[in-house]
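Protein chains get the first letters and strands the later ones, always in sequence-line order, with residue 1 at the start of each.
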Amino acid sequence: MLKFVGRRVLWLIPVMLGAIFIVFAINAIDPGDPVSALLGGSYTQEQYDDKKIELGLDKPFIVRYAGYVKDIVTDGDFGTSYTTKRPVSTELVERFGVTFKVAVISILIAIVLGLPFGIISAVKQYSIADNAVTIISLVFASMPGFWLALMLMLAFALNIKIFPASGIEGWKSWVLPCLASGLSFIATITRMTRSSMLDVVRQDYIRTARAKGLDERTVIVKHGVRNALIPIITTIGFQFGILVSGSVIVETIFSLPGLGTLMMTAINNRDYPVIEGCVIIMAALICVINLLVDLVYGFVDPQIMEQMKGSKKARRARHKTMGAHAL
Amino acid sequence: MSGDIKTSDSPAGDEPKRGMMETERRIDDTRRRSQMLSIWKRLCRNKLSIIGMIIFLILVLAAIFAKQIAPYDYSAQDLTNALAMPSAEHWMGTDDFGRDILSRVIYGGRISLLVALLGIIISLVAGGLIGVISGYYSGTLDGILMRIMDVIMAIPGFLLAVCVSAALGSGVLNTAIAIAIAGIPGYARLMRALVMSIRGNEYVEAARVCGQSGFRIMIREIVPNTLSPIIVDTTLRIGAYILMISSLSFIGLGVQPPEAEWGSMLSAGRQYIRSFWPIVTFPGLAIMATLFGLNLFGDGLRDALDPRLKK
């Protein structure tokens with residue numbers, strides 16, 4: 001188990017190095033020139049060269065990349081913002097909370113509502129409740145987040161004035177952003193739960209459980225849901241990535257001071273250190289969530305746990321037999 | 001190499017071998033065709049998926065014949081009639097420049113589909129190539145390529161698209177490239193898995209024995225056999241691509257005004273949200289209808305492909 005976790009954590013290092021490299025490379029090919037953008041309209045060649053050296057843009061790409069990674073690893077230094085002149089790490093820390101809060105609340109709402117809807121829908125397949133849940137979740141799953149955000153704002157902030165349309169003023173300001181990012185997420189979890197449960201309730205062991213006289217509740221919750229969880233957890237992990245990257249849109253609409261708005265402002269100003277910082281933090285967050293998802297598998301499914309615990313030799317043997325089956 | 005074998009072998013000795021391969025391939029073809037036919041039949045039995053397909057087909061036709069269907073020119077301005085509510089002349093009203101919203105929504109579908117199609121072609125060619133090479137040669141090269149794909153997958157697709165789009169600038173081709181890069185790892189993995197399952201088949205072995213080069217085997221023997229799963233996967237992807245395009249355009253990247261694009265129409269209309277609802281409603285409904293249709297169709301397709309549901 002520890003070995004598995006260790007290997008899984010170590011794997012994060014090349015992934016993050018690669019992610020930083022990609023973002024760095026994308027910014028390097030940007031045809032826009034931050035030096036002239038910062039200096040404004042008129043400047044001499046000398047001023048231009050000085051500024052370029054000050055920003056460190058005169059050095060070759062690989063040197064800049066290595067220095068950047070070194071600074072992050074040794075002092076958590078993501079460079080200095082071109083526009084605000086403040087350390088990027090301070091800005092990231094300030095903004096992170098808002099994005100994280102919206103993401104976590106949305107996920108919790110989605111799990112609390114999505115799971116029961118999906119289970120009911122699967123257990124009472126083809127009933128009126130099932131059809132209603134299926135159609136409604138399909139509608140919400142098809143709604144683009146930014147449009148849903150606009151419609152919610154139109155309905156509940158402008159026509160019926162219950163919630164504020166922008167900014168943060170108490171708990172009410174969180175309702176619309178969380179709904180906007182959470183509703184389609186509820187729909188996705190409902191749909192996944194339904195199809196996963198439908199797979200499970202057709203299995204023999206469910207029939208066995210019923211045959212030995214267990215009450216329906218135990219059959220569904222203990223034997224059904226537990227076995228249906230793996231694909232649902234995968235979906236949750238996957239959706240978390242969509243949610244975090246979607247913050248760029250939702251935060252812009254509701255003008256929340258999170259990572260998303262920070263990144264959008266940075267993109268408009270060609271503020272590379274900030275863009276890189278935002279993407280790296282979001283990617284890191286998603287990597288950690290995926291790691292947690294992988295570990296949760298182990299707790300949900302004893303078979304996987306066994307595999308994690310097993311020695312390398314045992315695992316190899318198992319792979320071999322599995323290979324033989326495949327042939 | 002292949003030339004050597006052909007000259008040394010008598011044509012008579014070469015023919016049966018090739019004949020056998022032909023027959024085998026033909027048997028395989030019929031098997032695949034009948035499989036496709038049964039999938040199609042199962043798909044047709046599912047009414048919802050047919051509805052989804054019809055919705056999507058209508059949108060495709062509207063996009064192709066936008067010029068004939070749209071009641072007005074999508075860029076014709078009529079400032080005296082700006083922000084007009086829906087009426088008999090303008091079914092969805094007019095925007096802040098007095099342009100007919102319905103016509104712009106129809107043309108918006110054309111842009112979305114065009115960019116999505118371009119994006120799919122780019123990511124399919126690039127991802128497919130990586131997948132074929134990775135799956136066919138396996139070993140170290142496969143390991144390196146797949147680790148690179150893993151790294152790209154660690155960054156959420158939309159975030160990657162935002163970065164690429166910000167770096168390249170807006171426009172049809174740049175947006176297509178931005179969404180395509182995010183889609184490459186998915187295609188590469190699928191293609192690799194398909195190639196690995198096909199690689200061991202007798203007809204590939206036979207082609208190798210005949211002395212065909214690796215490249216020729218990949219193109220002539222392997223790639224054609226991966227097509228049907230690739231087509232299914234692509235169908236399921238179109239919706240995600242269209243959503244990504246409109247999201248990019250909405251935040252000021254992607255395809256920008258004066259071009260009519262659903263996302264950029266919504267972002268341009270945002271300032272009128274208090275006073276004039278049609279401008280933020282109809283483009284969004286168009287996106288929703290497209291995704292709804294594609295989701296229904298995709299669900300049906302997935303069910304039809306699931307062998308466990310076979311009766």
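When all heavy atoms of B:Leu243 and A:Pro144 are compared, the closest pair comes out as CD1-CB, 3.4 Å. Minimum interatomic distance between A:Val279 and B:Cys163 (heavy atoms only, all atoms of both residues): CG2-SG, 3.5 Å. Shortest non-hydrogen contact noted between A:Phe146 and B:Ser247 is CE2-OG, 3.4 Å. Scanning all heavy atoms of the two residues, the minimum distance from B:Val151 to A:Pro14 falls at CG2-O, 4.1 Å. The nearest pair of heavy atoms linking A:Met264 to B:Ile251 is CE-O, 3.3 Å.
With a 4.5 angstrom heavy-atom cutoff, A:Ile286 touches chain B only via side-chain atoms. Interface residue B:Ser246: backbone and side-chain heavy atoms are both found under 4.5 Å from chain A. Contacts between A:Leu138 and chain B at a heavy-atom distance below 4.5 Å involve backbone atoms as well as side-chain atoms. In this structure, the portions of A:Ile253 lying under 4.5 Å from any heavy atom of chain B include both its backbone and its side chain. For B:Leu285, the parts lying under 4.5 angstrom from a heavy atom of chain A are both the backbone and the side chain. Contact annotation for B:Thr281: both backbone and side-chain heavy atoms come within less than 4.5 Å of a heavy atom of chain A. With a 4.5 Å cut-off on non-hydrogen atoms, B:Phe250 touches chain A through its side chain but not through its backbone. For chain B, the nearby part of A:Met263 is the side chain; its heavy atoms alone come within less than 4.5 Å. Residue contact with chain B, scored on non-hydrogen atoms closer than 4.5 Å, involves the side chain of A:Ile267 exclusively. In this structure, chain A has a heavy atom under 4.5 Å from the side chain of B:Leu253, while its backbone stays farther away.
For A:Leu10, the CG atom is densely surrounded, since the number of other residues' heavy atoms within 6.0 Å is greater than 12. Within 6.0 Å of CZ on A:Phe238 lie no more than 12 heavy atoms contributed by other residues, nucleotides or ligands. Within a 6.0 Å radius of CZ in A:Phe117, no more than 12 heavy atoms belonging to other residues, nucleotides or ligands are found. More than 12 heavy atoms of other residues, nucleotides or ligands sit less than 6.0 Å from atom OH of B:Tyr272. Atom CZ of A:Phe100 has 12 or fewer neighbouring heavy atoms from other residues, nucleotides or ligands inside a 6.0 Å radius.
Summarising the geometry, atom CG belonging to A:Leu150 is positioned 6.0 Å from atom CG belonging to B:Leu266; distances are rounded to the nearest 0.5 Å. Between B:Leu296 atom CG and A:Ile135 atom CD1 the span is 7.0 Å, to the nearest 0.5 Å. To the nearest 0.5 Å, the span separating CZ on B:Arg147 from CH2 on A:Trp11 amounts to 5.0 Å. Put simply, CZ on A:Phe21 and CD1 on B:Ile148 are 9.5 Å apart, with the number rounded to the nearest 0.5 Å. Rounded to the nearest 0.5 angstrom, A:Thr134 OG1 and B:Leu48 CG are separated by 9.0 Å. For the atom pair CG of B:Leu248 and CD1 of A:Ile249, the computed distance is 7.5 Å after rounding to the nearest 0.5 Å.
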Practice item. Step by step, work out the side-chain contact (heavy atoms from CB on, under 4.5 Å) result for A:Met151 and B:Val280. Key: CA-CA 8 Å; A:Met151 289 294 114; B:Val280 286; 4.1 Å; yes

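Contact annotation: the side chain of A:Arg191 approaches that of B:Asp299 to within less than 4.5 Å [non-hydrogen atoms, C-beta and beyond].
Scanning residues 239-248 of chain A against chain B with a 4.5 Å non-hydrogen threshold yields A:Gly241, A:Ser245, A:Val248, sorted by number.
Chosen from A:Thr252, A:Val139, A:Ile275, the residue pairing most often with chain B at heavy-atom distances under 4.5 Å is A:Val139.
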